[in-house]
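Below you'll find the structure, written out as structure tokens, and then a few comments.
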Amino acid sequence: ANPAIGFDSTPFYVSNRTRDWPAAATPRRAGINSLGIGGTNVHVILEEAPAQLPVEARADVQVLPVSAHSDAALNDKLAALSDFVRRHPEMPLADIAFNHQRGRLAMACRRAFVVSDRDELLSRLASPGETIQRPGAGGSARIVFMFTGQGSQYTGMGRQLYETHQAFREAFDVCADLFKPHREHAIVDLIVAEADDAAAAAILDQTQYTQPALFCIQVALVQLYRQLGVRPDFIVGHSIGEVAGVWAAGGLSLADAAQLVEIRSRLMQAVT
């Protein structure tokens, strides 16, 4: 250092060795100079990114896709994943799943695991099952939304999604509120009821409740998938599912689709 600079009276120093840079009350910031002899001078100020706080998993199950170019490579990856999970019990399962979903390429040989905890994942990895072969991997998958008709309903059919996914719950409530002025019983009470609730089942089996309940479920599922980034290439539907399909495709507003379901369900109730 040039002694005429007087570094002792400044916060600056000549960096001539590796030093620790401890965190402080303010973010770390660095000024970087590139002084070219030819006159190309650049000064950039960098600031460290905000610390990422742990995010609580929103789902009680996680999906872990694993893929490779060959069966042998896939088996090696599965063994490595099992070893990592055993050696890092502090790592949240949701983080491991997110890393495999977003941080890995989709290759031809694939397996996927739907698990609720680490022990289940380790058990599944010990006997992973059949490999799915997808020729020409790397292209976009084609997705179909299929909307069911009346007859598929049952009490409690949306309880777990309603309780664990905010996007599903909010979309369902908005849709169900459109039917509230016309119904003696709240639709949400039917889809969160216990499976052995005979009274709720009897109400849900009435067409005037069946069709709005199915429609609300279908709308909420679409909104949940949209939040997860899933967009359909094709949409098909049967019976009341046709109305949900038209809404999902953008052909009807939610209010208009709900009004159509309201009228349709009451007319069909009157002739059954």
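One is the number of the first residue; the rest follow in order along the sequence. Reckoned from all heavy atoms, side chains included, excluding hydrogens, waters and symmetry mates.
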Carboxylate-amine/guanidinium proximity below 4.0 Å for [X] and [Y]:
| X | Y | value |
| --- | --- | --- |
| D173 | R169 | no |
| K180 | D177 | yes |
| R264 | E242 | no |

**Asked** Going through the checks in order, is the side chain to side chain contact (heavy atoms under 4.5 Å, CB included) test met by L81 and I96?
**Response** CA-CA 9 Å; L81 175 58; I96 298 174; 4.0 Å; yes
Do other residues, nucleotides or ligands put more than 12 heavy atoms under 6.0 Å from [X] [atom1]?
| X | atom1 | result |
| --- | --- | --- |
| E184 | CD | no |
| Q150 | CD | yes |
| H185 | NE2 | yes |
| L105 | CG | no |
| N2 | CG | yes |

Measuring from [X]:[atom1] to [Y]:[atom2], what's the distance to the nearest 0.5 Å?
| X | Y | atom1 | atom2 | result |
| --- | --- | --- | --- | --- |
| E170 | Q227 | CD | CD | 8.5 Å |
| D205 | Q153 | CG | CD | 5.5 Å |
| M146 | T148 | CE | OG1 | 9.0 Å |
| E48 | R29 | CD | CZ | 9.0 Å |
| F113 | H100 | CZ | NE2 | 9.5 Å |
| I191 | L204 | CD1 | CG | 9.5 Å |

Would you mind reporting whether [Y] and [X] have side-chain heavy atoms less than 4.5 Å apart?
| X | Y | value |
| --- | --- | --- |
| F147 | H238 | no |
| P65 | Q101 | yes |
| V114 | Q62 | no |
| L161 | L221 | yes |
| S265 | R183 | yes |
| R111 | R124 | no |
| L121 | L125 | yes |
| C175 | L254 | yes |

Heavy-atom closest contact ([X] atom, [Y] atom, distance):
| X | Y | answer |
| --- | --- | --- |
| R110 | M107 | NE-O, 2.7 Å |
| A244 | Q218 | CB-OE1, 3.1 Å |
| T207 | P212 | O-CD, 3.9 Å |
| F168 | G158 | CE2-O, 4.0 Å |
| L228 | R102 | O-NH2, 4.4 Å |
| Q206 | Q269 | C-OE1, 3.5 Å |

**Message:** Between R87 and S82, does the side-chain hydrogen bond (donor to acceptor under 3.5 Å, both in side chains) criterion hold? Intermediate values first, please.
**Reply:** CA-CA 9 Å; R87 289 188 295 105; S82 180; over 6 Å; no
Taking a hydrophobic cluster as the set of Ile, Leu, Val, Met, Phe, Trp and Tyr residues connected by side-chain heavy atoms closer than 4.5 Å, whether directly or through intermediates, do [X] and [Y] fall within one such cluster?
| X | Y | answer |
| --- | --- | --- |
| F145 | V243 | yes |
| I187 | L224 | yes |
| F98 | V66 | no |
| V174 | L260 | yes |
| V236 | I143 | no |

**Prompt:** According to the interplanar angle, ranging from 0 to 90°, do the rings of W247 and F215 count as parallel (below 30°), tilted (30 to 60°) or perpendicular (above 60°)?
**Reply:**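 Ring orientation, 0 to 90° scale: perpendicular.
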Between [X] (side chain only) and [Y] (backbone N and O only), is there a donor and an acceptor less than 3.5 Å apart?
| X | Y | result |
| --- | --- | --- |
| D197 | A199 | yes |
| N75 | D71 | yes |
| R28 | W21 | yes |
| S239 | G241 | no |
| D20 | P22 | no |

**Message:** Suppose we call two aromatic rings close when their centres sit under 6.0 Å apart. Are Y209 and F179 close by that rule?
**Reply:**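 Between Y209 and F179, the centre distance exceeds or equals 6.0 Å.
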**Cation-pi check, R19 onto Y13 ring (under 6.0 Å, within 45° of axis)** =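 Judged by the rule, R19 and Y13 form a cation-pi pair.
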**Asked** Would E120 and S116 count as having a side-chain donor-acceptor pair, cut-off 3.5 Å?
**Response**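 Yes, side-chain donor-acceptor contact under 3.5 Å.
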**Message:** Under a 3.5 Å cutoff, is there a donor and acceptor pairing between the side chains of S123 and R118?
**Reply:**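 Result is no, nothing qualifies.
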**Message:** Using side chain to side chain contact (heavy atoms under 4.5 Å, CB included), reason through V42 and V44 one step at a time and then give a plain yes or no.
**Reply:** CA-CA 7 Å; V42 178; V44 178; 3.8 Å; yes
**Test log, rule side chain to side chain contact (heavy atoms under 4.5 Å, CB included), inputs S152 and L214** = CA-CA 8 Å; S152 58; L214 288 173; 3.7 Å; yes
**Message:** Between L190 and T155, is the side chain to side chain contact (heavy atoms under 4.5 Å, CB included) condition met? List the steps.
**Reply:** CA-CA 6 Å; L190 306 177; T155 54; 5.6 Å; no
